[in-house]
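To keep things clear, I will list the structure first and then write my remarks on it.
Please read these numbers as outputs of a predicted model, since none were measured by experiment.
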Amino acid sequence: MNSVLLFFRSAILFWKDKHDAEAVRRIPVSGKSSLSAARKEEYTIRISISDIAGAETVRACLSRYPIGLETIRFGIGDVLDQGADALERFRREWEALSCGRSRLYLHGPFLDLFPASVDRAVRRTALSRFRAAYDAARNLGAEGIVFHSGYFPAPYGIGPWLEGASAFWEAFLREREGALPIYVENVFDPEPGPLAELAARCPELSLCLDVGHAGAVSPVPPEEWIRQWGSRIGHVHLHNNDGRQDLHSGLRSGILPMERILPLLSEVSPQSELVLEIPDAAALCSSLSWLEGFEAL
């Protein structure tokens, strides 16, 4: 299943508030986390989860672990069109979930958007959606927002895409209000170089390394993406797969060597937030448990 279809499916599932009740019941929600006092603060700073897992799973995980949340709620155009009503609904839900203790990030809109298009009307649509999501993130007090790179193999090559993307982001950054961190994420990008060049041209941008996307789409291993991007990485999406499909599996369920990837991230980009983008409740729970004992973090 490709990345766009996965995110579309997950966003709609969350939007309608459906979830796997049986999997949720397997998440322990009472008692304290087993994190040691010495590692609790570090863990809190570095780890978040995505709400592609569904509302009940998010509630269970936030009650057990001192972690943050990245929401894809505002990645859906219809939600953005609801304006202040959607903001107020999410604000109430978030206040109840977080009790003021958790960090919040937004995942921006991505469906049918192409910011590097040569078609002016297509670019205007992307700009309008991105602005609305950025404003929502600021209004909700989020600590950052993620946008997809928008790179597709056809009809553009990497060079024309880079020129179009640079022009789009220069205009967006020039017109935006505030200085909320923006992270541009690899999706169908075949290599790390073009996004590194985009960040060099637009130094106000940071990069979101999606480890699973790199592992499923690119011939360049995720470890090399990390080395090439280095401190440009401000945000990370973590999930695993079989090296061919963007499965968003648990951290230990795939061929990507998380035991090597995580120490390298800690070395070259210690400030980055690690977001588990795992829709299955049981897989998310087991991944969080594994991270508790992973001494490289």
Could you tell me whether the side chain of [X] and the main chain of [Y] form a donor-acceptor pair under 3.5 Å?
| X | Y | value |
| --- | --- | --- |
| S63 | A60 | yes |
| R89 | A84 | no |
| E70 | I145 | no |
| S272 | S269 | yes |

What's the shortest heavy-atom distance between [X] and [Y], and which atoms?
| X | Y | value |
| --- | --- | --- |
| L80 | P109 | CD1-CG, 4.0 Å |
| F74 | A136 | CD2-CB, 4.2 Å |
| A86 | V79 | CB-O, 3.5 Å |
| I278 | S287 | CD1-OG, 3.5 Å |
| G108 | A133 | CA-CB, 4.3 Å |
| L162 | P194 | CD1-O, 3.6 Å |

Side chains of [X] and [Y]: do they bring a donor and an acceptor to under 3.5 Å?
| X | Y | value |
| --- | --- | --- |
| T71 | D51 | yes |
| S149 | D189 | yes |
| D280 | H248 | no |

Can you list everything that forms a salt bridge (Lys or Arg N to Asp or Glu O under 4.0 Å) with [X]? Sequence neighbours excluded, please.
| X | answer |
| --- | --- |
| R244 | D242 |
| E204 | R176 |
| R201 | E163, E197 |
| R174 | none |

Establish whether [X] and [Y] are linked, either directly or via other cluster members, by ILVMFWY side-chain heavy-atom contacts under 4.5 Å.
| X | Y | result |
| --- | --- | --- |
| L106 | I49 | yes |
| L113 | L205 | yes |
| L265 | W225 | yes |
| L274 | L251 | yes |
| L264 | L195 | yes |

Item to complete: Using a 4.5 Å cut-off on heavy atoms from C-beta on, say whether the side chain of L284 contacts that of C61.
Response: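 The answer is yes; the side chains approach within 4.5 Å.
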Fill in: side chain to side chain donor-acceptor pair (under 3.5 Å) between S48 and E273, worked out
CA-CA 7 Å; S48 288; E273 182 87 13; 2.5 Å; yes
With [X], which residues qualify under side chain to side chain donor-acceptor pair (under 3.5 Å), at least two apart?
| X | result |
| --- | --- |
| N186 | none |
| E170 | none |
| W161 | none |

Discussion item. What I want to find out is whether E88 reaches R91 closely enough, with some N-O distance under 4.0 Å, to be called a salt bridge.
Written reply: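 Counted as a salt bridge, because a side-chain N and a carboxylate O are separated by less than 4.0 Å.
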Discussion item. So that I can tick it off, tell me whether E267 and R227 are bridged by a salt bridge, with the cut-off set at under 4.0 angstrom between side-chain N and carboxylate O.
Written reply: no
Practice prompt. Provide the full list of salt bridge (charged side-chain N to carboxylate O under 4.0 Å, His left out) pairs with a residue in residues 137-153, sequence neighbours left out, each pair given once.
Written response: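 Output for this query lists R138-E177.
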Discussion item. By the salt bridge (charged side-chain N to carboxylate O under 4.0 Å, His left out) test, which pairs, at least two apart or in different chains, include something from residues 114-127?
Written reply: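 Of all non-adjacent pairs touching residues 114-127, none passes salt bridge (charged side-chain N to carboxylate O under 4.0 Å, His left out).
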Discussion item. Please confirm whether the ring centroid of F188 lies under 6.0 Å from the ring centroid of Y151.
Written reply: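 Centroid separation for F188 and Y151: 6.0 Å or greater.
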Discussion item. Tell me if the aromatic rings of F110 and H107 count as close, with their centers under 6.0 Å from one another.
Written reply: yes
Worksheet item: Can you say whether the rings of H237 and H235 are parallel (under 30°), tilted (30 to 60°) or perpendicular (over 60°)?
Response: perpendicular
Worksheet item: What residues form a ring-ring contact (aromatic ring centres under 6.0 Å, His included) with F130, not counting sequence neighbours?
Response: F147, F168, W169
Practice prompt. Go through the steps to decide whether L69 and V275 satisfy the test side-chain contact (heavy atoms from CB on, under 4.5 Å), and finish with yes or no.
Written response: CA-CA 8 Å; L69 177 71; V275 181; over 6 Å; no
Worksheet item: Which is it for L207 and Y183 under the side-chain contact (heavy atoms from CB on, under 4.5 Å) test, yes or no, and what are the steps along the way?
Response: CA-CA 5 Å; L207 298 177; Y183 309 105; over 6 Å; no
Fill in: Residue pair E259, R252: steps toward the salt bridge (Lys or Arg N to Asp or Glu O under 4.0 Å) verdict
CA-CA 9 Å; E259 68 279 357; R252 303 291 286 165; 3.2 Å; yes
Worksheet item: Yes or no on side-chain contact (heavy atoms from CB on, under 4.5 Å) for W94 and S102, after CA distance, side-chain angles and deciding distance?
Response: CA-CA 9 Å; W94 175 238; S102 297; 3.6 Å; yes
Worksheet item: Mind checking what makes side chain to side chain contact (heavy atoms under 4.5 Å, CB included) contact with N241, not counting sequence neighbours?
Response: A216, L247, L256
Worksheet item: Who are the side chain to side chain contact (heavy atoms under 4.5 Å, CB included) partners of I255, not counting sequence neighbours?
Response: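 None.
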Practice prompt. Dump the intermediate steps for salt bridge (Lys or Arg N to Asp or Glu O under 4.0 Å) on E95 and R92, then the final yes or no.
Written response: CA-CA 5 Å; E95 288 174 355; R92 290 196 301 266; over 6 Å; no
Practice prompt. Check D112, D81, D135 against R129 for a salt bridge (Lys or Arg N to Asp or Glu O under 4.0 Å) and give me the one that passes.
Written response: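 Looking at D112, D81, D135, the match for R129 under the salt bridge (Lys or Arg N to Asp or Glu O under 4.0 Å) is D81.
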